[in-house]
Protein chains: 2
Amino acid sequence: MHMMNDAGSNRSIVTQLRAFLAQAELPEDGRLPPERDLAAALGVTRTELRKALGTLESEGQIWRHVGKGTFMGNRPTDTLSDIATLARRTNPAELMRARLIIEPEIARAAALTATPMHLTELRTCQARTREAATWRQYENWDTRLHRTIAEATQNTPLLGMFDMLNALRRAVTWGRLRSNPVKPNADHHSFAEHEAIIDAIENRDMNGAAAAMRAHLQSVERNLLARQLDIGD
Amino acid sequence: MHMMNDAGSNRSIVTQLRAFLAQAELPEDGRLPPERDLAAALGVTRTELRKALGTLESEGQIWRHVGKGTFMGNRPTDTLSDIATLARRTNPAELMRARLIIEPEIARAAALTATPMHLTELRTCQARTREAATWRQYENWDTRLHRTIAEATQNTPLLGMFDMLNALRRAVTWGRLRSNPVKPNADHHSFAEHEAIIDAIENRDMNGAAAAMRAHLQSVERNLLARQLDIGD
DNA sequence: AGCTCCGACCAATCGGAAATTGGTTGAGCC
DNA sequence: GGCTCAACCAATTTCCGATTGGTCGGAGCT
């Protein structure tokens, strides 16, 4: 009977724990008491409690983390760690394709919802890219310009996805040094293209904004293929 | 001449500050000394220094933040790539808008790149949703169907963004119990709509796939507005 | 009046020590 | 062998003091 005892007592503790969790009111984040307190409260050993918690965790009912605590529900997926693994599985060409699919639609949405504030910021970014003395500065303002377009959609999930794309871009490009010490030429293709995008957004021309963004990204892609150095624009 | 004096001294301090910044070597993050120290080092008042810093900031050369310090370059855009914080700032309606913008384009791309393997899996998912005995099972297969479409794009970043959208969906819906104990009706609108999407993908009809997906999501959206309970489909 | 300077204060932030927490190990005891 | 207990470990949070950009008000100067 001793072997039955193990499984039997373990299961009983699990059910006891389930009952406690159903009864006890948890804080907003679903965190439950520390193992040491919980063990004392239930009148069992920490070892026993941990075994019960282990089964509950394997069932996906709870999740635990050192230093944080034990929580109800599914372990939250953190995007940042995914970025690193995603970056390892992709490449600049694939990323460019994703941008070509997503960003025109973002521009289209922005044309519908952009406020005057967004437009002035877009114009400012555009002017700053023209004034940029170094390539680094140009990149900063260019990135900000594209992000402002995403902000203009006034859609949080969309903005989040754009940020994710950007983070991926940085991760993939990471380590590759830009080999252009000079500043962009005055007739750099992006200037006119950016202008076309902003104009379309200002005119609430959704199709035009999407088309202009697509043309811009295709131009960037051509540049990328030619130089095979970086995926910035 | 007194009025010229103001602007003159101010400008001289700005140039003095510019010279200092060009000469002084800054730490990696581009942070420059605290205002109090910098004022002492330049032999000017903090008030004067702050005025000069203000003009430099308006020019976009530096950015400042309380408690952090003053830095060279552009103010970094705070990327909200954390699912939890993202979920807190959004709502089901906004999420639905994002899905309506993104997922049709994913379907369009899938129509171009889907392999026979993807198509058989799509058909399997479709069949399983019809056979589902509980709403929970239906949801599982429905989710997998949509994800298979994203996989069919064979584009890692795109798939990652789709997963992010899904995680957001779960996070936003978190805590709200589904109030449908019964299984979906045999004539549930999704069945025909899913079929239309898969057919279009199979026929390499990109526009058709995008349109079908859009129609499907709009149908889901109508359902959502009617029930105002959940954002699943 | 219109400034500038100076000191004090405020709220946001950083830094580091101390406490907390899940995970692990090993000795002692059935 | 299993079980318990205590100690320890590493990750994380929490707390507190110091730092920092921003602000206010009075004194002094033109």
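Chain identifiers are assigned alphabetically (A, B, ...) following the order of the sequence lines, protein sequences preceding nucleic acid strands; residue numbering begins at 1 within each chain.
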Taking D:dG21, D:dC8, C:dC14 as options, the one with an atom nearest any side-chain atom of B:Arg46 is D:dG21
OP1 or OP2 of C:dT4 under 4.0 Å from side-chain N/O of B:Lys51
yes
Between B:Arg64 and D:dT20, is there a contact of a side-chain N or O with OP1 or OP2 at under 4.0 Å?
no
If you compare all heavy atoms of B:Thr90 against all heavy atoms of B:Leu95, which two are closest, and at what distance to 0.1 Å?
OG1-N, 4.2 Å
Where the side chain of A:Thr120 meets the backbone of A:Met117, is there a donor-acceptor pair that is under 3.5 Å apart?
yes
In terms of the nearest nucleotide of DNA chain D, which residue is placed more toward the 5' end: B:Arg31 or A:Thr47?
A:Thr47
In whole Å, I'd like the distance from the CG atom of B:Leu32 to the C1' atom of D:dG21.
12 Å
Could you check B:His65 against B:Thr45 and say which one's nearest nucleotide on DNA chain C is further toward the 5' end?
B:Thr45
Minimum heavy-atom separation for A:Pro157 and B:Leu168, please, with both atom names.
CB-CD1, 3.8 Å
Taking atom P of C:dC3 as reference, at what distance in whole Å does atom CD of B:Glu48 sit?
15 Å
Donor + acceptor pair across side chains of B:His146, B:Glu103 (<3.5 Å)
yes
By nearest-nucleotide position on DNA chain D, the 5'-leaning member of A:Gly67 and B:Pro34 is A:Gly67
Take atom CG of B:Leu49 and atom P of D:dT20, then tell me their distance rounded to the nearest Å.
13 Å
Whole angstrom value for the distance that separates P of C:dT13 from NZ of B:Lys68
6 Å
Which of these nucleotides, C:dA11, C:dA8, C:dT21, is closest to any side-chain atom of B:Val66?
C:dA11
d(CG, B:Asp29; C1', C:dG15) in whole Å:
15 Å
Looking at D:dG22, I'd like to know if its phosphate oxygens (OP1 or OP2) sit under 4.0 Å from a side-chain N or O belonging to B:Arg50.
yes
